[in-house]
Protein chains: 2
Amino acid sequence: MNIGSAAERSGLPPKTIRYYEEIGLIPAAGRTEGGYRDYDETDVQILRFLRGARGLGFSVSECRELLSLYRDRDRASADVKAIALQRIGDIERKILELQSMRKTLKTLAERCHGDDRPDCPILEDLAAATPTD
Amino acid sequence: MNIGSAAERSGLPPKTIRYYEEIGLIPAAGRTEGGYRDYDETDVQILRFLRGARGLGFSVSECRELLSLYRDRDRASADVKAIALQRIGDIERKILELQSMRKTLKTLAERCHGDDRPDCPILEDLAAATPTD
DNA sequence: CTTGACCTTCCAGTCGCTGGAATCCCTATC
DNA sequence: GATAGGGATTCCAGCGACTGGAAGGTCAAG
């Protein structure tokens with residue numbers, strides 16, 4: 001099947017599939033006589049795997065690790081779990097950061113009357129910011 | 001004061017300050033005879049403002065808007081508030097997305113025994129992913 | 001035989017910096 | 001006055017993970 005069908009069946013855009021090939025995340029696809037990339041079900045499976053992993057926020061290099069574990073029949077599930085737990089930690093840190101931003105913004109937005117007058121605690125607060133690092 | 005002091009007093013790295021100048025986020029700084037950029041307290045104030053806004057996750061183009069509102073004495077606070085509310089919306093969407101990822105990953109990680117055996121629900125689940133879009 | 005949808009490669013751009021190289025300025029010490 | 005260092009300057013390249021677009025090749029239908 002050509003790259004368009006593989007894209008449709010995997011949920012990844014053709015451009016992304018070519019990009020993954022270029023960076024060596026997936027092996028170079030076979031070619032038809034006319035020079036078109038040719039994919040089979042196994043390839044699509046790998047592409048879907050990547051789409052799922054990327055969708056869970058794993059970086060491309062984490063995907064590389066996950067993929068090599070996926071292909072390794074002698075893998076230890078502990079290695080996979082470690083990557084997943086790491087990712088959960090990243091996500092939780094990010095959530096905390098976003099929640100803190102939201103809290104600050106909400107407080108400021110609540111205090112801003114939001115009409116046509118110019119005085120605004122949001123701007124005032126930003127202007128008063130001190131370098132805390 | 002030179003860029004190093006402005007950096008210290010604003011909390012932004014010198015490279016970032018030059019970058020902001022380059023992209024026109026801040027006006028070009030004055031220069032000393034020797035060609036060094038020269039900053040005063042007002043400049044540092046603006047840099048701090050930017051650091052605060054970026055720290056709350058506003059994009060550079062949002063910062064541009066916020067800065068122009070900040071400088072506009074005839075602004076309507078409603079315009080500022082609208083940007084802030086928009087940003088809160090972005091943050092909340094992002095939090096929901098991350099929470100969903102975390103939930104999926106947690107479920108998978110819990111079901112993975114994480115020892116030296118190869119069978120692993122994390123990999124199995126990724127491999128079974130279907131294009132849902 | 002032509003049309004149009006697909007494919008190919010390659011180059012550039014996105015966002016917000018960050019690193020590094022080569023060179024210049026300023027101050028302090030010998 | 002020479003020199004050493006710690007700044008500053010510019011410019012170019014790279015990060016991550018694509019995405020857009022141009023110029024051209026291929027394929028199936030009419």
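All values below come from the heavy atoms of this structure, side chains included, with hydrogens, waters and symmetry mates left out. Lettering follows sequence order; numbering is per chain, from 1.
Residues passing the salt bridge (charged side-chain N to carboxylate O under 4.0 Å, His left out) test with A/Arg87, sequence neighbours excluded: none. Residues passing the salt bridge (charged side-chain N to carboxylate O under 4.0 Å, His left out) test with B/Arg9 are B/Glu41, sequence neighbours excluded. Among residues two or more places apart in sequence or in another chain, the ring-ring contact (aromatic ring centres under 6.0 Å, His included) test is passed with B/Tyr19 by none. A/Arg117 meets the salt bridge (charged side-chain N to carboxylate O under 4.0 Å, His left out) test with A/Asp115; sequence neighbours excluded. When the side-chain contact (heavy atoms from CB on, under 4.5 Å) test is applied to A/Ala128, no partner is found at least two apart in sequence or on another chain. With sequence neighbours excluded, no residue forms a side-chain contact (heavy atoms from CB on, under 4.5 Å) with A/Ser100. For A/Lys15, the salt bridge (charged side-chain N to carboxylate O under 4.0 Å, His left out) test picks out no residue, with sequence neighbours left out.
Note that the first and last nucleotides of DNA chain C, 5' to 3', having any atom under 4.0 angstrom from a heavy atom of chain B are C/dG16 to C/dC26.
Salt bridge present: A/Glu97 and A/Lys94 bring a charged side-chain N and a carboxylate O closer than 4.0 Å. Ion pairing of A/Glu110 with B/Lys81 is absent here, as no side-chain N (NZ or NE/NH1/NH2) approaches a carboxylate O to less than 4.0 Å.
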Taking only N/O atoms, report every protein-nucleotides 20-24 of chain D pair under 3.5 Å with atom names and distance.
| unit_1 | atom_1 | unit_2 | atom_2 | d |
| --- | --- | --- | --- | --- |
| D/dG20 | N7 | A/Lys15 | NZ | 2.9 |
| D/dG20 | O6 | A/Lys15 | NZ | 2.9 |
| D/dG21 | O6 | A/Lys15 | NZ | 2.2 |

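Taking each heavy atom of A/Ser77 and B/His113 in turn, the nearest pair found is OG-ND1, 3.2 Å.
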Report the C-alpha separation of B/Arg111 and B/Glu124 in whole Å, then their side-chain angles, then the decisive distance to 0.1 Å, and conclude whether the salt bridge (Lys or Arg N to Asp or Glu O under 4.0 Å) test is met.
-> CA-CA 11 Å; B/Arg111 293 201 290 115; B/Glu124 280 158 23; 5.9 Å; no

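Shown for residues 17-26 of chain B: residues whose heavy atoms fall under 4.0 angstrom of DNA chain C, namely B/Tyr19, B/Tyr20. Interface residues of residues 31-41 of chain B facing DNA chain C, ordered by number: B/Gly34, B/Tyr36; criterion, heavy-atom separation under 4.0 Å.
Under 3.5 Å, the side chains of A/Glu65 and A/Tyr70 contain no donor-acceptor pair of N or O atoms.
Residue B/Pro13 is in sugar-phosphate contact alone, with no base atom involved, counting any heavy-atom pair closer than 4.0 Å across all strands shown.
At its two ends the helix from C/dC1-D/dG30 to C/dC30-D/dG1 runs along axes set 30° apart, each axis drawn from five pairs and the angle rounded to 10°.
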